[in-house]
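Written out below as structure tokens is the structure these notes cover.
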Number of protein chains: 2
Amino acid sequence: MSKPADTKIRNMEEFAAVSGLSRPTVSKYFNDPDSVRPSTRSRIEQALEKYDYRPNIFAMNQNRKLTKNVGIVVPYLADPFFAEIARNIEERLIAAGYRPTLYSAHGNPDLEMEILDGLRLLKPAGVLLAPLGRLSDRAEIEKFCRDVPTVLFDSNLDGIGAAFVGSDNRSFVSQTVEYLTRIGEPPAFFEMRTPANPNANKRRLAYLEHMDKLGLSPQVIKIEGEGWSFEEIGRRGAHDLFERKDLRSNAILCSNDRLAIGLLAACYERGIRVGRGPECTLRVASNDDHPFSRFTCPSLTTAAHDYDSVSSHAVAKLLELIENGGRFSDRTEDLFAARLVLRESA
Amino acid sequence: MSKPADTKIRNMEEFAAVSGLSRPTVSKYFNDPDSVRPSTRSRIEQALEKYDYRPNIFAMNQNRKLTKNVGIVVPYLADPFFAEIARNIEERLIAAGYRPTLYSAHGNPDLEMEILDGLRLLKPAGVLLAPLGRLSDRAEIEKFCRDVPTVLFDSNLDGIGAAFVGSDNRSFVSQTVEYLTRIGEPPAFFEMRTPANPNANKRRLAYLEHMDKLGLSPQVIKIEGEGWSFEEIGRRGAHDLFERKDLRSNAILCSNDRLAIGLLAACYERGIRVGRGPECTLRVASNDDHPFSRFTCPSLTTAAHDYDSVSSHAVAKLLELIENGGRFSDRTEDLFAARLVLRESA
DNA sequence: ACAAAATATTTACGCGCGGCAAGTTTTTTC
DNA sequence: GAAAAAACTTGCCGCGCGTAAATATTTTGT
């Protein structure tokens, strides 16, 4: 404990005094340690070790035009997929010297707007936003993006935000459809009737397109259900499907892993054997490589997001945007390809 | 759009002017709308509808001794259990007029301390902390709790924090053991050798105690593995266990659901039938009622946390603590009983 | 209608820092 | 070793609001 020096430092003035410098110099140091002479820098850092002073964050932010705050907004944090990607993004932002704050809209569009409104008050340097999608209030989010430098990720809203970084849904679906078709019957496509997320629509279109290209007749299964309890919706939908007996293939491609998790649970409940083996009557594949897809029964064959690329690129884009004064000359959409993860379900 | 009145309000001074009041009066209103006369209150709220002004949050926090900020710190947000409880807590705090901010230590003790250090700068009115547990830096956390009103939840650190709110591990284990024993053989207990979380220790002790009380001989299975990838650790540990063939019961009680998820995956991989049916050779029960436990194969019989009670009580305790000036005369530990959720695995 | 109590307003100061301008010192350059 | 450049100091203002004391106004009770 060499820290607690006798004198308590109350503000930058006092800290400047004990380090033998003037306040403006110390202020410069805190805004950019490299903007001062190496010798004075070491004097300050020596004093820092002795007196552990830290600038008042509220006073700093009050006077600076742009703070070091960055908001990360995801649609539904109880989905481990978003928790994982948020973790990844958080780390990178901290490493870049920013103060990320994580928010979840919990599937609620009103809450999504409240979060953005609250974020405004924090004068953030930038925001990384994964919008709810269909339910989002487009007009209000567009307004927000005009005021605050924002990069969208995961789920795109056409034309909104300075840039979009996400996954290439076509790459996801083409790989899974191609694989399933190569080793057996072409798959039916299993999705919610009114998906919350625009990625779902792109995946369906990619499926239809790909089937058409292969000269195969598609079957899209639309299940009922609202909200973010995808697993339960998938489970119920699967039971309905098997009840109706109108599945025209022995392979199913789920729009996303959470639906697949529910579908696999339904299969288990009905004694339907899923997998590649001779005793199996159904193959199931999906998209996302959800953290739990490794532990379904059977383990889930799925197209994996490139977590690292998406998160690092989203952060890079935001930092570029910030350095560029909050504007890009044109809006880019950067998509990353999927990686097919072969497991036991197909 | 009746909002955008011609004049842009820059600060409270200007807003006070357009509402025909003095700034201190308006300031009083924002700190407590009921502290001004109803007539002046309605004048302010009328002006608010016309000019949408909101006080600068940094200036407010700089001058207030205690802000309305509240930190919520969880050990591992990629675990949907914590995401769920955090969501619950967040909602209640917002309803109480606070500004919650969510942080995850991501299983890393250094990050846990960094978060608390960063929280200090925010002068939070209080903090709700679910510590990492065994890995936490007890001394540093204790220091933090001396400076900032803190209520621990989920995972207790003896004597640290103004209060603890969590679940009664004894109630969890007694219900599951009692149930398993009533309908079949008494269970073995399945856990990590060096659990990260103190609840695990309490559950093991409760298991031993309960078995002893029933005059039964316990078997504790300790599996290897470090970190927060509980599912994978459980899966590997289960395979090892079945390889060794020294399981002395046809029932297993897992320390927590995430281990159980891995164990069930291992059972599926080995063709071991789990459940109550005559064709089943193993029963599995667990603790936590993890959001995913409904969708395991078979669905998991488990002891459920009383999410609502724990989160609402934790928030209530914190608000009480704040109103009490940040100190309690003595530290309370409030535990909530489990609710047994019968599903297919046992 | 009047005094007492409750509530508003004015005035004045402070919070901790950013930022600017002018002057002084130190370092770099050739 | 002198001139130029860079870094530092001093002094001052501003940010937007909290807060306290003194004063003025309104409300309440009788």
Side-chain angles (χ1 to χ4, degrees), chain A residues 7-48 51-69 97 99 118 120-125, chain B residues 7-48 51-69 97 99 118 120-125:
Chain A
T7 333
K8 309 288 175 191
I9 306 295
R10 303 203 158 280
N11 53 37
M12 198 180 277
E13 193 77 53
E14 290 187 18
F15 178 73
V18 299
S19 48
L21 294 166
S22 71
R23 189 179 62 75
T25 304
V26 174
S27 173
K28 265 190 84 180
Y29 166 84
F30 279 111
N31 287 320
D32 179 6
D34 286 321
S35 68
V36 301
R37 203 181 302 157
S39 64
T40 60
R41 174 172 173 173
S42 74
R43 282 172 71 182
I44 292 176
E45 284 167 355
Q46 230 171 304
L48 268 180
Y51 293 94
D52 81 342
Y53 155 81
R54 300 171 73 178
N56 180 307
I57 200 171
F58 300 116
M60 284 181 63
N61 288 339
Q62 180 175 37
N63 300 316
R64 254 207 291 249
K65 35 209 158 190
L66 70 152
T67 68
K68 287 288 188 177
N69 296 331
R99 283 185 60 95
R120 270 199 162 90
L121 303 181
L122 293 182
K123 295 191 224 164
Chain B
T7 332
K8 310 287 175 191
I9 306 295
R10 303 204 158 281
N11 53 38
M12 198 181 277
E13 192 77 53
E14 290 186 18
F15 179 74
V18 299
S19 49
L21 296 166
S22 72
R23 188 177 62 75
T25 303
V26 174
S27 174
K28 266 191 85 177
Y29 166 83
F30 279 110
N31 287 320
D32 180 6
D34 287 319
S35 69
V36 300
R37 199 186 306 158
S39 64
T40 59
R41 174 172 175 172
S42 75
R43 283 171 71 184
I44 291 175
E45 284 167 354
Q46 227 171 307
L48 267 181
Y51 293 94
D52 83 337
Y53 155 80
R54 299 170 73 178
N56 180 306
I57 201 171
F58 300 116
M60 285 181 63
N61 287 339
Q62 179 174 38
N63 300 315
R64 256 208 288 250
K65 36 210 159 189
L66 69 154
T67 68
K68 286 287 189 180
N69 296 330
R99 282 185 60 92
R120 270 198 161 92
L121 303 181
L122 293 182
K123 295 193 224 163

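- The stretch residues 25-34 of chain A touches DNA chain C through A/S27, A/N31, each having a heavy atom within less than 4.0 Å of the strand.
- Atom CZ in B/R64 sits roughly 17 Å away from atom P in D/dG16 (whole-Å rounding).
- Pairs engaging residues 10-23 of chain A under the side-chain hydrogen bond (donor to acceptor under 3.5 Å, both in side chains) rule: A/S22-A/T25 [sequence neighbours left out].
- Remark: P of C/dG18 and CZ of A/F58 are 15 Å apart, rounded to the nearest angstrom.
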Under 3.5 Å, which N/O atoms of the protein pair with N/O atoms of nucleotides 26-29 of chain C?
none

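- The aromatic rings of A/F58 and B/F58 sit tilted relative to each other, their planes meeting at an angle between 30° and 60°.
- Minimum heavy-atom separation, B/I57 to A/L121: CG2-O, 3.6 Å.
- D/dA7 atom P lies 16 Å from atom CZ of A/R43, rounded to whole Å.
- Counting all heavy atoms, side chain and backbone alike, B/P55 lies closest to B/M12 at CB-CE, 4.3 Å.
- Spacing between atom CG of A/N11 and atom C1' of C/dG18 amounts to 14 Å, rounded to whole angstrom units.
- Here C/dG16 presents its P atom at 14 Å from CG of B/L121, a figure rounded to the nearest Å.
- Residue B/N31 holds its CG atom at 8.5 Å from NZ of B/K68, rounded to the nearest 0.5 Å.
- Between the side chain of B/N63 and the backbone N or O of B/A59 there is at least one donor-acceptor pair closer than 3.5 Å.
- To the nearest angstrom, P of D/dG16 lies 13 Å from CD1 of B/I9.
- Partners of A/D34 according to the salt bridge (charged side-chain N to carboxylate O under 4.0 Å, His left out) rule, which considers only residues two or more places apart in sequence or in another chain, are A/R41.
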| Contact state string [nucleotides 10-15 of chain D, B base, S sugar-phosphate only, - no protein heavy atom under 4.0 Å] | B-B-BB
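- A/I44 contributes atom CD1, which lies 7.0 Å from atom CZ of A/F30 (distance to the nearest 0.5 angstrom).
- Residues forming a side-chain contact (heavy atoms from CB on, under 4.5 Å) with A/S35 (at least two apart in sequence, or on another chain): A/K28, A/D32.
- Between A/R41 atom CZ and D/dA7 atom P the separation is 14 Å, expressed in whole Å.
- Shown here for A/T67 and A/N69, the closest heavy-atom pair between the two residues is OG1-N, 3.0 Å.
- Note: CE (A/M60) to P (D/dG16) measures 17 Å, nearest angstrom.
- Closest approach of A/K123 to A/N61, counting heavy atoms only: NZ-O, 3.2 Å.
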